[in-house]
Amino acid sequence: MSDVTGGAAGVRDWWEAVCVVGLVGTDRRPVPEPPRWAVPAREDGTPPTRLLDAAALGSAWLAAGAVPGRGSAPDPAPAETRPEAGQRARQLLDVLLVQPPGGTAHQQLLLRTWLRACATAGRRVPHDALTAVIALARSHPGLRPPLREAAGERGAWLARLDPTLTWWHGPGEEPASPAPGTALADDPVVRWAAAGSADRTERLRRLRAADPVLARELLRTSWSAEPARVRAEQLATLVVGLGPDDEDLLEPALDDRAAGVREVAQDLLDRLPGSARAARMAERLRPLLSVSGTLRRTVRVDLPDEPDVRGVRDGLGPAPARTSVRGHHLRRIVRGAPVDTWTAVTGLDPRALFGAVRDEELRALLHAAVVAQGERRPEWVRVAFAVDPAPALVPLLPPGEQQAAVERVLTAGGPAGLEGAVGLFTVLPGPWSPETSERVVRALRAGRGGAAALAGARDVLAERLHPAAGPQLRSWANHDSTADVHRRSLAALAAAVSTRHAVLDAFSGEQP
Amino acid sequence: MMSAMTRWTHQRVLDAAPDAASVSSARALARPGPWSDTGATEHLLWGRCQGSGRTPYQVSIDLDGPAYRCSCPSRKFPCKHALALLLLWSGGGDVAAVSEPSDFAGEWAAARAGRVAAAAAAPAKAAPDPEARARRVEERVATMTAGLEEFGLWLADLVRGGTAAARSRDASYWDGAAARLVDGQCPALAADVRDAGSAAHRREDWNEHLLRRAGRWWTIVGAWGRREDLSADHRADLRTALGWAYATEEVRGADEVTDRWLVLGSHRSDDGRLQEQRTWFRGLDTGETLVVLDFAGGGQPLPVAQLTGAVVEATLARYPGSAPRRALLVDDPVPLPDADLPAPAGVGLVDGLDAAARLRAGAPLVRRVPLLLDDVRVGVDDVVDADGRALRLVAGRDPWPVLAATGGRPTRCFGEWEDDAFRPLAVHLEDRWAACE
């Protein structure tokens, strides 16, 4: 703040008196006499001209007589611990901010790529680009997590100063009491206790991916006191990183007074073939299975009888409208019983078993059970994928086999329908090899509606395609039969793919 | 001379386009469908283009200039409609060659031709008739005197009724006074009055602020009455404050200085009607700081800003008036990329403000003083020295780019001390200058 003290005593008082008269007008108040050091009032003045003379004097005095006031600036930012991104990466960032290749459609993805690559390389966003990236992250929440990783000390410092950047610290973490920065406030248990229900659910979602054990223990401290809807939502967060240790939370939840909570518990226990409920379901399945025929073996399954109380507790309740009760119970039993039950009872290996299940509906049930339980049963997943290449199975395959498995499907003419193709690309982890990329583009182009499917898969394709697919994309874009709107998106995709590689390339020499 | 038969080539049309986007928009319109009443003479091309609105846009193109006019609101120049018409015509499209232009095109062309002819005739008047010139000056002085007398009465009314009453009036109160000042040929003072009306609603300290402005206006009115007694510098300051522009031909060649100049910083503003760009230059040999002003209106772009921190060799011609003086670039500055020159030293915040006070005490109409401050920290609301003494920063600026650049550490900072607030324009980081805006 700048202020004026002036040499002469009472100048401030005089000016304030002038201001008061100016406010209400010279018709209501007399104009104060000028200070002794100043020019004397003009003889021929009227009250308005005398006030204007005073204002002229005051304005000159304020303009020329200003002295510094007291003020504050934030404490300096901590020193950076990481070097800033190299020159080539910086140039690319400028391009992405000002003129993103492929237009704004791919800007976010390319910026995310840049920020992640930057953080991975142990580098940080250059200071002079920070505000531009932050401005984009304000409107695009997807940029926020990678920005937090790559913003360096300067970015975190800005986020602490700017009251509009509360999202930087995540929901609920900013106005913490006790005061932020103290050891107590940093304790997740304390923060958990201070948080509201909705906030807790959001925290669980994030924490579960990073630290499943801590998430479960926090959930345990408060879960039973939450309302039914919140109990169901919070329990459902366990789906990420679900493991045998979660069973002792899920098993009691089968007795919950809310049906919504019981259903979440049943669905999650379907995915734990080692659980006590899975063993109970196996008990129910075993007597229903039988094998007939010697050369052409056929597996049959009988419908279950009326369930007992324990069965109802495990999920064998009323059927949805217009479906058979016993059919519904059979579906629940097949999904909940470990798939190994089938091989144990029939003596067939998974491949032979799938062949011997001739009823289509039953095969689909078995397939769904593999999808639910497949995490530690690769031999089952392989067989099920060969029977029906469902996208959900791809992540369950051993990582080394995923790409080859999808490519086999693509080479064989692609899955039925374009949606299946897009679904498969979506789960095929990137980055894709040049060969895979070319196959993907070929399969997309061959599929009916080809370019129209691009819209849905745009980000996945831009993120995973190898630039080797660029010529193919461009030739597709330039083909006579391609509609204008698709030409543009194909050309944009080709530009985004090559830029993405340029970004990764710029950081590849900058490993920490 | 261009004839209707020798149509422009496609390339010539493309060269006339302001950017690639305009060309692609124009291509979509370069078909007969949206066009009506098209025609061409030897010198003129025109037509009406049906856009999304009810009334078609009227497009006229003076092929000799070339000059373009269109009734659309686009700020691009030429707009896509003019380009589309040119494309249609250059491609041999169905544009009837007629001898007489349509009304709207003809009127414009006639008015334009008159102006062009007047401009062409101007050099002939370069040896001005001193008597006619003196008469024009006399007329202007009389107009301004009348305008300022009326403004003085308006000011007296303002303080008689009080600022609180004035503040409760609507915009027409201020706009009316400003319009009368425009009629009185005092455009700069008019703009200041119009701005004061909105500042009265915007600022928390509006009463004191308004009285300070009124005091300044009253000083101007009084100084005008005694202009014969003023020094040449003060008279020039007064002329600038009123908005009586100097012809660039008068300035050019009159008071030139050639030096190597450091570009200290620049600031752009846009009041919706007019864009302004101020660029501050520091002469490395003379040590003098000059400011170059550029203006653009009607959708025209401003000249490209000089790169903050660059050193250029240039001749600047100074306008009359007190320091800091306005100047114009006599020719294009030549960058000296390898100039290995130490950054000019700044002063402490207190010394800087002292120097500014001396300048203003000697030239009370000067509103903006350049300050090169050493070891200051630019914060969110204040710029602060090591002892916590501070100047308030101008309102409405984005504080974050400077903070991102400096991290709140002490730096050398160049800026404008404007009325009672500081506007940082550049900070010096280790080995380079960074613009703050």
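Heavy-atom pairs under 4.5 Å with chain B peak, among A:G155, A:S72, A:A54, at A:S72. Of all the listed residues (B:G152, B:A165, B:A164), the one sharing the greatest number of non-hydrogen pairs under 4.5 Å with chain A is B:A164. For the options B:P364, B:P410, B:P401, heavy-atom pairs under 4.5 Å to chain A are most numerous at B:P401. With chain A as partner, the option from B:A404, B:A166, B:A357, B:G379 having the largest number of non-hydrogen pairs under 4.5 angstrom is B:A404. The candidate from A:A64, A:G58, A:A129 with the greatest count of non-hydrogen atom pairs under 4.5 Å with chain B is A:A64. If you tally non-hydrogen atom pairs under 4.5 Å between each of B:V376, B:L359, B:V159, B:V384 and chain A, the highest count goes to B:V159. Most heavy-atom pairs under 4.5 Å with chain B, from the set A:T46, A:T49, A:I134, A:D128: that is A:T49.
When all heavy atoms of A:P68 and B:V350 are compared, the pair lying nearest together is CG-CG2, 4.0 Å. Closest approach of A:A66 to B:W417, counting heavy atoms only: CB-CZ2, 3.9 Å. In this structure, B:R160 and A:D27 approach most closely via the heavy-atom pair CG-OD1, 3.0 Å. Between A:W157 and B:G407 the shortest heavy-atom distance is CH2-C, 3.2 Å. Here the closest heavy-atom approach between residue A:L62 and residue B:R212 is recorded as CD1-CD, 3.3 Å. Closest non-hydrogen pair, B:T219 versus A:A56, comes out as OG1-CB, 3.3 Å.
Side-chain contact between A:P48 and B:D157 is absent, with no heavy atoms from C-beta onward closer than 4.5 Å.
Within the 4.5 angstrom heavy-atom criterion, atoms from both the backbone and the side chain of A:D162 approach chain B. Proximity to chain B is absent for every atom of A:L57, based on heavy atoms less than 4.5 angstrom apart. Looking at A:P47, neither its backbone nor its side chain comes within 4.5 Å of chain B, counting heavy atoms on both sides. Of the atoms belonging to A:L51, it is side-chain heavy atoms, and not backbone ones, that fall under 4.5 Å from chain B. Residue A:P78 touches chain B through its backbone alone, counting heavy-atom pairs closer than 4.5 Å.
The CH2 atom of B:W217 sits 10.5 Å away from the CG atom of A:L52 when rounded to the nearest 0.5 Å. Rounding to the nearest 0.5 Å places CG of B:L403 at 12.0 Å from NE2 of A:H127. How far CH2 of B:W400 is from CG of A:L130: 12.5 Å, rounded to the nearest 0.5 Å. Rounded to the nearest 0.5 Å, atoms CG (B:N207) and CG (A:L23) are 4.5 Å apart. Taken from CZ in B:R216 to OG in A:S59, the straight-line distance is 8.5 Å, to the nearest 0.5 Å.
Around the CZ atom of B:R167, the shell of radius 6.0 Å holds more than 12 heavy atoms that belong to other residues, nucleotides or ligands. Few gaps surround CZ on B:R202; more than 12 heavy atoms of other groups in view lie less than 6.0 Å from it.
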